[in-house]
Amino acid sequence: MNNKKDIDSIYRERFKNAKVKPPEDAWDNILARLPEQESKKRILPWWYLAAGTAAAVVLFFALSVETLMVEGKPRVVSDEAPIENSFQAIDSAFGVFDQQMTAAGKVLMNLRKNDLQEIISSEVTKEQIAEVSKKTFSTDVSFAENVEVQENNSSSKELTAETALTEEKAVEEVPNPLEQLKNEENALAKVKDPKPENRFSVTTKVAPVYFDNFGKGNPLDDKFSQNSSGGEISISYGINMAYQLSEKVKIRSGVSKVDLAYSTSSVSFNDYKSTATAKTKVREGAGIMLASPIKGELSQTLGFIEIPLEIEYALVDRKIGINLIGGGSALFLNRNDLVLDSQNFSDHLGQAENLNKFSLSTNIGVGLDYDFTKNFVFSVEPVLKLQLNTFKNVDGLNPYYFGIYSGITYKF
Amino acid sequence: MDQKELIKRCKRYDRKAQEELYRKYSESLFLLCLKYTGSYEQAQDLLQDGFIKIFEKIDQYTGKGSFEGWMSRLMINTALKRLRKNGAFLTIQKDLPEEEDVDIEDEGLSLEFLIEIIQKLPDAYRLVFNLFVMEGHSHKEIAQMLNISEGTSKSNLARARMKLRESINDHLFPKVAKSI
């Protein structure tokens, strides 16, 4: 019996509900490649522990204020019972570091919920820093006030004086308070850590970073500026080297890898395709299986190799220290991905074309550090980095990323 | 376990549930893999990659639409990613071949044979044939999905059919007989 059909029907009918047994070892191969069951669960405790570190950050503030004012006198750093075993030091260092890192992430998440701009301009943060620095200066350099007073006296004498003799006397008097200041500083320097030899230090740094935009534009295309969008939290890690230029000033550089992520909602593949080709590059075959009108979330990931150059100015330099950090970074683009996540799955669409391979940022931040032992220091540094020329020709875009950097420093 | 329970447990990375899911659907999905690749070995690799993706992304399945359909699409997507990696698989043919509406006797055509000849097709032809004939997409949709023109899609389909018919004819009427 001749059963003639067209080729389409032959295939359709024959393949309908058909099955073919896969090779026996296929499941074993799959099993071998499945991730460990624990790995996903670990992410939860990561953020969960964060509360502990947020408390630690607050504790740093509290402790630093306390250490400054002990009966109104500057507290001298003493060689408190040092941790004998450096391995113990490292161990406990990593323990606290872990907590710090996780809590930093939690703090960052909370900050992200509140408008970041509000936080930065909030009076509370400024006040806290101002308060601490006021106390520092009042106790640390109290003799400076004396110096000022004396200088004023001598200068007023100069003005009113007529005779050369009086002038000479005035001139003579001025150096003395300055000498006094120098002597006091030397005395203090002997008591202070670090010793002049320990000018170099190496720090490993990790931070959760949050990427966003102060302007109103959208990093991909102006078309999307009305879509709801926001920064995502991602990670930066790297290594820094610092050199102590003077007692209060350190200069530092290093290299880190930083990945930034931003997502724009309610974007369909068609919307994406129609963005000017100058802005995005559509990969061949991209968009398969995303029936074009379906809307999803477009995630942009930018990755950079960052080389910072920053100055650290010590406001407080005790066992717990506070620094002001300022400087800039050179950013080299090394990752550029656009992924469209729709209901059922995600597709890697292509790359953004409007990114400069080399760009700069200006950095500003505050650092808290804790001298764990003579050679090991812990630090937590919230730093804001304003990106200057990451995007080509895009209006209304002031991108930045904000990270809470946790680091362990070794001085040598 | 019923499907719902199975999916729920897989979302929690329950190994037993994952294995049961595999046992339940691997045979039909392996057929899909054979259709979309050029060899048995490639199909095997695709099956493994595809299942890893299924287990990875199962928490994105919200229950809307058929689960088998969801898995199939994920598998096809995985196939396409591999094809892209292996370089340009989209043949740009400007002219449309004349299609013969010739019906073929389908007795004596085993499933294995049909799989074999579809695997022999160039990637581009096989892909369009599958998407049009098996998944039921229109040329417009295929064009959008693959970022090609509708004309290319139609041309690839026509050529795929032509080649398949050729292979079938060669099989049914071997050349030895023809040369006489």
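Every chain is numbered from 1 and lettered A, B, ... according to where its sequence line falls, protein lines coming before strand lines. Note: hydrogens, waters and symmetry copies are ignored here, and every other heavy atom, side chains too, is used.
- Atom NZ of K8(B) has 12 or fewer heavy atoms from other residues, nucleotides or ligands within 6.0 Å.
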Subject >> Derivation and outcome, side chain to side chain contact (heavy atoms under 4.5 Å, CB included), residues I168(B) and I7(A) >> reply: CA-CA 10 Å; I168(B) 291 172; I7(A) 188 97; 3.5 Å; yes
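- Listed here is the closest heavy atom pair of K35(B) and F15(A): CG-CE2, 3.1 Å.
- Here the side chains of W27(A) and Q18(B) are in contact, with some heavy-atom distance below 4.5 Å.
- Looking at every heavy atom in both residues, A26(A) comes nearest to Y22(B) through CB-OH, 3.2 Å.
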**OP:** Please report the C-alpha distance between F51(B) and L34(A) in whole Å, then the side-chain angles of each, then the deciding distance to 0.1 Å, and finally whether the side chain to side chain contact (heavy atoms under 4.5 Å, CB included) criterion is met.
**Re:** CA-CA 10 Å; F51(B) 262 101; L34(A) 284 177; over 6 Å; no
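- Chain A forms the most heavy-atom pairs under 4.5 Å with one residue out of L32(B), L34(B), L29(B), I118(B), and that residue is I118(B).
- Of the possible donor and acceptor atoms, one in the side chain of R14(A) sits under 3.5 Å from a partner among the backbone N and O of L109(B).
- The number of heavy atoms from other shown groups lying within 6.0 Å of NZ (K19(A)) does not exceed 12.
- Salt-bridge check for R161(B) with D6(A): failed, with every basic side-chain N at 4.0 Å or more from each acidic carboxylate O.
- Contact record, Q44(B) with D25(A): NE2-OD1, 3.4 Å, taken as the closest heavy-atom pair.
- Residue F332(A) places its CZ atom among more than 12 non-hydrogen atoms of other residues, nucleotides or ligands, all under 6.0 Å distant.
- Between E27(B) atom CD and N17(A) atom CG the span is 13.0 Å, to the nearest 0.5 Å.
- If you measure heavy-atom distances from E19(B) to chain A, the contacts under 4.5 Å come from both the backbone and the side chain.
- Considering every non-hydrogen atom in both L114(B) and Y11(A), the closest pair reads O-OH, 2.8 Å.
- At most 12 heavy atoms of other shown residues, nucleotides or ligands fall within 6.0 angstrom of atom NZ in K140(B).
- Considering CG of L157(B) and CG of D8(A), their distance stands at 6.5 Å, rounded to 0.5 Å.
- Heavy atoms only, all atoms of each residue included: F30(B) and P22(A) are closest at CD2-CA, 3.6 Å.
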**OP:** Report the C-alpha distance between L164(B) and I10(A) in whole Å, list the side-chain angles of each, state the deciding distance to 0.1 Å, and finish with yes or no for side chain to side chain contact (heavy atoms under 4.5 Å, CB included).
**Re:** CA-CA 11 Å; L164(B) 289 170; I10(A) 292 176; over 6 Å; no
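- Summarising the geometry, atom CZ belonging to R33(A) is positioned 6.5 Å from atom CD belonging to Q48(B); distances are rounded to the nearest 0.5 Å.
- Across all non-hydrogen atoms, the minimal contact from A18(A) to L31(B) is O-CD2, 3.3 Å.
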